[in-house]
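Here's the structure we're looking at; comments come further down.
Below, chains carry the letters A, B, ... as their sequence lines are ordered, and counting in each starts from 1. From a predicted model like this one, the values you see are computed outputs, not experimental measurements.
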Amino acid sequence: MNKETFIQLKNITKTFGTVVANSNINLSVCKGEIHALLGENGSGKSTLMNVLSGIYTPDSGSILIDGSEVRFNSPKDSIRMGIGMIHQHFKLVDVLTAKENIILGQKGSLFINQKKLSKQIKEISDRYGLDIDPDKKIYNMSVGEKQTVEILKVLYRGAEILILDEPTAVLTPQETQKLFKIMLKMKSEGCAVIIITHKLHEVMEISDRITVLRKGEAVATVDKISTSPKALTELMVGRPIDLAIKRIEIKDKELILSVKNLTAVDDDHVKVLKDVSFQLSKGEILGVAGVAGSGQKELCEAIAGLYPVAGGEIFYENENIVGKNPREIIKRGISMSFIPEDRLGMGLVASMDMVDNLILKEYQNQKGFMIDRQPVKEKALGLIKKLDIKTPGVHHPVKLLSGGNIQKVLLGRELDSNPHLLITAYPVRGLDIGASYMIYDLLNEQKAKNIAVLYIGEDLDVLLELCDRIMVLCDGAVTGIVDAKTATKEQLGLMMAGETLDPLEGGVLID
Amino acid sequence: MIRIAKRTDLTKLQSIKMRIAAVLLALLTAGIFILVLGHNPLSVYGAMLVGAFGNLYGFKETILLTIPLVITSLGISIAFKMKFWNIGAEGQIFMGAFGASFVALNFPHLPKPLLLLLMAVGGILCGGIWALVPAFFKAQFGTNETLFTLMMNYIALKWVTYLQYGPWRDPQANGFPKIADFGENAILPKFLGIHIGWIIALVLVFAINLFIHHTKKGYEISVIGESENTARYAGMDVKKIIVLAILLSGGLCGLAGMVQASAISKTLSVDVSGGIGFTAIITTWLGQLSSPLILLVSFLFAVMIQGGAYIQTVFQIPQAAASVLQGMILFFVLGSEFFIQYKVFFRNQSASELTKEGI
């Protein structure tokens, strides 16, 4: 490349106690380049970017911008140098408008020149092709719009180096395309864009160069044109991995769950589930796709008896289980594991150890007043072995485990209870590739055992490969149920955005 | 710039060292205060120990102070374990004493074991119900239990005051506003020179420890304290467990009231608690809700209170000054909890060395 080097990170090392998060990392990004930072969870991507944006100070190594060394003591210093970071979780004030959020925290005169400000924002928007109404309140915005405001915010502050931390995690495929357009525009304006991600196909689509991190080290920087997803995966994981997910055929379809016109309202009387109807057979994996917050959580909880149902029926083995309490539903063999964003949430007790967590649903089956933890302790040791859970011991609080290991504890417990219906939401959230494929295998194992699986997922590629059918939710309503063998990502994306699939045209709608 | 970060890496030994350092620092600071008053700090501290352990009388007094502190703290610990902030132990002690007194005054001629048993039941029931009222309102209407239990204290206090000055006033007390003394059968017997409350307290320490760590109900209480959602998810009957735990919590505080009324005041009076319900909140917290630690902390507190009372008479230090001493020790010990949980550092030192997040 004959482009001018813009940012250069030299031998960055950063340790937390005994954990080496970054070890001697070198990275250079040019002007007008989109540089992808690829790596599994815990490989040090976020740490490196936090060093670049001034949140962390490196133990050793130096940062060069435009050839001269800089030192950041706080994020303010890095903003001054033109570095803007867009975090995965938006930092916007809901009740304010886009414009107000943009100037929030900026030094300025006592009075704000509204006209001048609007003009400035308009200029930036036009220049980078951002499409936003500066006077729209944040709470009225879609996720994609909110992200645009975040981008506008850092551009307004004069950023020429943009760092995007997993920006596509919350977007529909269509919104992702929009974001990529903005990124390309920034590139043509001479900005440097760094995108953190673990989605290979996005990397292949948008980036110019890719730096792969593994266990805190930069293992390689490659040009996109000279690499492939398979090669990248091997770099990430350190060994060849089979990226195919098998799909086992369902033996004989036997109905186990039938949801009819399920409706639920939240505390603010907003409908969160609208006439949801679907059926699920034994030995089938039904995927649920949808933008985050489209009613997935409420659907899971309603079936598990945790969310009040306002209308409709849930037939489980020909019995309406609406109104049954969670205990009764667990007894019937319905198991629910929802991995929330913080990964602890309601499935596990954070400060308790593995034994006390494994006993959570099972203790009530023990006789008498007392709890016998001995058999559970053995079970815990068995799970550690079977699922390769990394923990100092069975009495280590689960909250101190890494995210992936926490999930293994949760899923391990649910599978161990031999359910007939397994509801699992985001089971691979934040897991590395190896662990994710292990989970897919586990789910297929359940399927082979004739267990019905309701799988709420994020990654459309995985949904298409793993599931038998996919139901798409948008804003609490079902926009369609399609056959995973014939459906396409574009179809799913349109349905996620709210378009109901026309059964005549699509021809893949399954009742 | 000063920043504060949560600690995750402190070992048990380090945190114990920190607490000991806090006590030493407290003694040092309080020593300056004693110097200002014109006394030798070392001899004052020595006298405190003499007052608490030096002779049989002092030691007995210390144990007598420890007993209600332990029982009440155990009661509070159950509610706290569930993150139900029961600040109403004082009122529950009053109501427990009231319940016990009702039995003692109305059935004075029952055989001693039966009468004492009924008094204990009365005390536990009244204390438990007194705690259940705020729990009910919290469960139904989401009221704030901290304020609610606190206010219930004053109602209980005024209720006892009303009884003492009104309907229960002893006509044979020469016009004194006091309630008639209990009959002999209503007074706890002594064992080894101290009323058997100490045996009750020790048994309870053991029983509550067993309850929390080895029974289903104890496990459920711990889970609910951590996350009500998780408890619901696991199919627990959250409301039922809350009711049971709060009944138990208030019941134990009520039992402390019964012990005090029976063995110490030998009647019901407005002085029956003497602020134990509030002191016990501190001992519960410092004991980290663990029964054996609560026993230890309550004893140390009793030593401090008893020693403080002793130096008042020996050094002619005004009562207020003795309270200042106690306050200083508390300030440092409670303050050290902050430094055990958080680390304060300066910006340039960089946050990253201290947190393990965001790798």
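- A:D266 pairs by the salt bridge (charged side-chain N to carboxylate O under 4.0 Å, His left out) definition with nothing, not counting sequence neighbours.
- Between the CD atom of B:E226 and the CG atom of A:L348 there is a distance of 11.0 Å, given to the nearest 0.5 Å.
- Side-chain atoms of B:Y233 do not come within 3.5 Å of backbone N or O of A:A304 as any donor-acceptor pair.
- Within the model, atoms NE2 of B:H213 and CZ of A:R373 stand 9.0 Å from one another, a figure rounded to the nearest 0.5 Å.
- Within a 6.0 Å sphere centred on CG of A:N365, other residues, nucleotides and ligands contribute more than 12 heavy atoms.
- Residue A:Q364 comes nearest to B:K216 through the heavy atom pair O-NZ, 3.9 Å, listed as atom of the first residue, atom of the second, then distance.
- Proximity to chain B is limited to the side chain of A:I330, based on heavy atoms less than 4.5 angstrom apart.
- Neither the backbone nor the side chain of A:E328 comes within less than 4.5 Å of any heavy atom of chain B.
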Evaluate side chain to side chain contact (heavy atoms under 4.5 Å, CB included) for B:D237 paired with A:R327, printing each intermediate quantity in order.
CA-CA 9 Å; B:D237 189 343; A:R327 179 90 228 132; over 6 Å; no
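- The residue among A:D356, A:D372, A:I329 with the most heavy atom pairs within less than 4.5 Å of chain B is A:D356.
- With a threshold of 4.5 angstrom between heavy atoms, A:R71 does not approach chain B through any atom at all.
- When heavy atoms are compared at a cutoff of 4.5 Å, A:L48 does not approach chain B at all.
- Between A:P326 and B:G235, the shortest heavy-atom contact is CB-CA, 3.9 Å.
- Atom-to-atom distance recorded for B:M236:CE and A:N325:CG is 13.0 Å, nearest 0.5 angstrom.
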